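When reading the values below, keep in mind they use all heavy atoms of this one structure, side chains included, and skip hydrogens, waters and symmetry mates. Please read all numbers here as calculations on a predicted model, not as lab measurements. Position 1 is the first residue of the sequence, and the numbers go up from there. Whatever order the structure lists them in is the order used to number ligands and atoms, beginning at 1.
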Amino acid sequence: MSTYIVLLGPPGAGKGTQAKILADTTKLAHISSGDLFRENIQNQTELGKQAKSYMDKGELVPDDLTIAMIRERISCAECNKGGAILDGFPRTPAQADALEKMLGEYGGQVNAVPYVTAAESILIERTGGRWLCRETGHVYHEKFSPPKQTGVCDIDGSELYQRDDDKKETVTKRIRVYFEQTMPLVEYYRQRGRLIEINGVQPVEQVTSELLEALKK
Ligand code: ADP
Ligand code: AMP
């Protein structure tokens, strides 16, 4: 039976950073809705064009577009052996319901939902200093986890860039959107007994070890 882990938390909490480490450790696929949208924007697809208008404003992309994109990615058995770590999806109750249904079709379910938290001032500091690599979205922070060479990814040598939606005004909007639209999922998964609260304001390695410890149970 496949294992599905949903990483929940506000923008900048460290979901992507932890998802990449967990995917390496557990050999599960890493499915990031934000990365998939950015890939579509880079490839100038129709979905990318539609998604960009929402992302630039710090709003959520409509549920139907997002669910269809994730459904396609999850149904790809080749890229989803044994399950996945979902990072940034679901973000609304409608997406969570759609996910339950989708996984049910494969006889799977959401097994655990680590909820990574941090105060707003920390989220703003983290997103403000975030740099990503063009090639595969490896994550750096200019102060907390700088690359060896400024502007270059340690892992694949590609160029590092800052996200347009990491500007302070847009981040503040994204945090508000998170509280309004995504916070209900905390109760959604708590009621289903899947929620695991993790303090995201600790060194990356410490967050990882708490996550791995909690997931063992
Ligand atoms: P999310 O996917 O939740 O938006 P990221 O994983 O992209 O968050 O992390 C946001 C920024 O914070 C990145 O620049 C990352 O390098 C940095 N970061 C992530 N985890 C930590 C941590 N535990 N301590 C300090 N900085 C962190
Ligand atoms: P992220 O990379 O997770 O910070 O996401 C970046 C942006 O992509 C968000 O601000 C949204 O505009 C969009 N996005 C990512 N995931 C979702 C989702 N599950 N539902 C709707 N919009 C999303």
The test is salt bridge (charged side-chain N to carboxylate O under 4.0 Å, His left out); show your working for Arg174 and Glu59 and say whether it passes. CA-CA 7 Å; Arg174 284 162 57 207; Glu59 293 171 4; over 6 Å; no
Thr92 and Asp63: side-chain donor and acceptor closer than 3.5 Å? yes
Heavy-atom count check: over 12 atoms from other residues, nucleotides or ligands less than 6.0 Å from Lys52 NZ? no
Starting from atom 22 (N) of ligand 2, locate the nearest protein heavy atom and write down its residue, its atom name and how far away it is, to 0.1 Å. Val61 N, 3.0 Å
Students should be able to answer this: which protein heavy-atom is nearest to atom 13 (C) of ligand 1, and at what distance? Val139 CG1, 3.5 Å
Is the closest side-chain donor-acceptor distance between Gln18 and Thr208 under 3.5 Å? yes
Under 4.0 Å from any heavy atom of Thr66, which atoms of ligand 2 are there? 18 (C), 19 (N), 20 (N), 21 (C)
Evaluating non-hydrogen atoms only, which member of Arg126, Lys143, Lys20 is closest to atom 27 (C) of ligand 1? Arg126
Nearest protein heavy atom with distance in Å, relative to atom 16 (O) of ligand 1: Ser145 OG, 3.3 Å
Looking at ligand 1, does Gly200 have a heavy atom less than 4.0 Å from it? yes
What's the shortest distance from atom 23 (C) of ligand 2 to any protein heavy atom, and which residue and atom give it? Phe37 CE1, 3.7 Å
Side-chain H-bond candidate by donor/acceptor type, Asp156 with Ser158, under 3.5 Å: yes
Do any N/O atoms on Gly88 end up under 3.5 angstrom from N/O atoms on ligand 2? yes
Can you tell me which portion of Gln202 lies within the under-4.0 Å heavy-atom range of ligand 1? Options are side chain, backbone, both, or neither. backbone
Atom 2 (O) of ligand 1: which protein heavy atom is closest, and how many Å away? Gly16 N, 2.8 Å
Name the closest protein heavy atom to atom 6 (O) of ligand 1, giving the residue it belongs to and the distance to 0.1 Å. Thr17 OG1, 2.6 Å
Test item, Gly9 contacting ligand 1 (heavy atom, 4.0 angstrom): no
What is the closest protein heavy atom to atom 11 (C) of ligand 2, and at what distance does it sit? Glu59 O, 3.5 Å
Walk me through whether Asp56 and Arg163 qualify under salt bridge (charged side-chain N to carboxylate O under 4.0 Å, His left out). CA-CA 10 Å; Asp56 284 347; Arg163 283 168 49 174; over 6 Å; no
What residue and heavy atom of the protein are closest to atom 6 (C) of ligand 2, and at what distance? Arg163 NH2, 3.4 Å
Tell me, which protein residue and heavy-atom name are nearest atom 20 (N) of ligand 2, and how many Å apart are they? Gln95 NE2, 2.9 Å
Structural part of Trp131 in contact with ligand 1, heavy atom criterion under 4.0 angstrom: neither
Among all protein heavy atoms in this structure, tell me which lies nearest to atom 14 (O) of ligand 1, with the distance rounded to 0.1 Å. Tyr140 O, 2.8 Å
Which residue and atom name correspond to the protein heavy atom nearest atom 8 (O) of ligand 1, and how close is it? Gly14 N, 3.2 Å
Is it the case that Thr45 and Asn40 place a side-chain donor and acceptor less than 3.5 Å from each other? yes
So which protein heavy atom does atom 10 (O) of ligand 2 come closest to, and at what separation? Arg174 NE, 3.8 Å
Evaluating non-hydrogen atoms only, which member of Glu205, Glu125, Arg130 is closest to atom 7 (O) of ligand 1? Arg130
Report the part of Leu60 (side chain from C-beta onward, or backbone N, CA, C, O) that has a heavy atom under 4.0 Å from ligand 2; answer both or neither where that applies. both
Would you say Ser33 has any N or O atom under 3.5 Å from an N or O of ligand 2, going by distance alone? yes
Is there any N or O on Arg91 that sits under 3.5 Å from an N or O of ligand 2? yes
Enclosure of Glu105 CD (heavy-atom neighbours >12, cutoff 6.0 Å): yes
Is there any N or O on Arg38 that sits under 3.5 Å from an N or O of ligand 2? yes
